[in-house]
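Report on the following structure.
The structure presented is a predicted model; accordingly, all values stated were derived computationally and were not measured.
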Amino acid sequence: MLCDAPNGRGGTWNRDGVIVFTPDALLGLFRVSSWGGSPVEMTKPDRSRFEASHRWPVFLPDGKHFLYLGIEFQRAIRI
């Protein structure tokens with residue numbers, strides 16, 4: 001085991017051995033080396049924009065940039 005991810009919401013691994021992941025449903029993205037170590041926070045949900053979580057990261061083909069899904073749960077959808 002590299003590090004804790006008790007309620008993980010996706011992860012991605014590049015060819016340089018960097019893993020970007022969401023360790024918990026209500027956090028942002030973290031990175032950790034494929035060799036292990038302490039996770040480092042990369043993004044933090046912006047609560048002023050009602051963001052609750054950053055999830056499901058995916059590295060782009062260059063292996064340096066990535067996309068992720070920003071989740072918000074605060075606003076009601078009315079139809």
message: Can you pull out every side-chain hydrogen bond (donor to acceptor under 3.5 Å, both in side chains) where at least one residue sits in residues 8-21? Sequence neighbours excluded, please.
response: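 Passing the test, one end in residues 8-21: N7-R9.
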
message: Distance check, rounded to the nearest 0.5 Å: F66 atom CZ versus M42 atom CE?
response: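 Separation between the atoms: 3.5 Å.
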
Atom pairs and distances, donor-acceptor, side-chain atoms in residues 19-41, under 3.5 Å, two or more places apart:
{"from": "T22", "atom 1": "OG1", "to": "H54", "atom 2": "O", "distance (Å)": "2.8"}
{"from": "D24", "atom 1": "OD2", "to": "L26", "atom 2": "N", "distance (Å)": "3.2"}
{"from": "S33", "atom 1": "OG", "to": "W35", "atom 2": "N", "distance (Å)": "3.0"}
{"from": "S34", "atom 1": "OG", "to": "G17", "atom 2": "O", "distance (Å)": "3.3"}

- prompt: Got a sec, which hydrophobics cluster with L67, joining ILVMFWY side chains under 4.5 Å apart, including via others?
  reply: L60

- prompt: Quick one: does R47's side chain have a donor or acceptor within less than 3.5 Å of a partner on A52's backbone?
  reply: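 Confirmed, R47 side chain pairs with A52 backbone.
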
- request: Please check if the side chain of E51 supplies one atom and the backbone of P45 the other of a donor-acceptor pair under 3.5 Å.
  value: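 Not confirmed, E51 side chain does not pair with P45 backbone.
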
Heavy-atom side-chain contact between T43 and Y68 under 4.5 Å: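 In short, these two side chains touch, coming nearer than 4.5 Å.
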
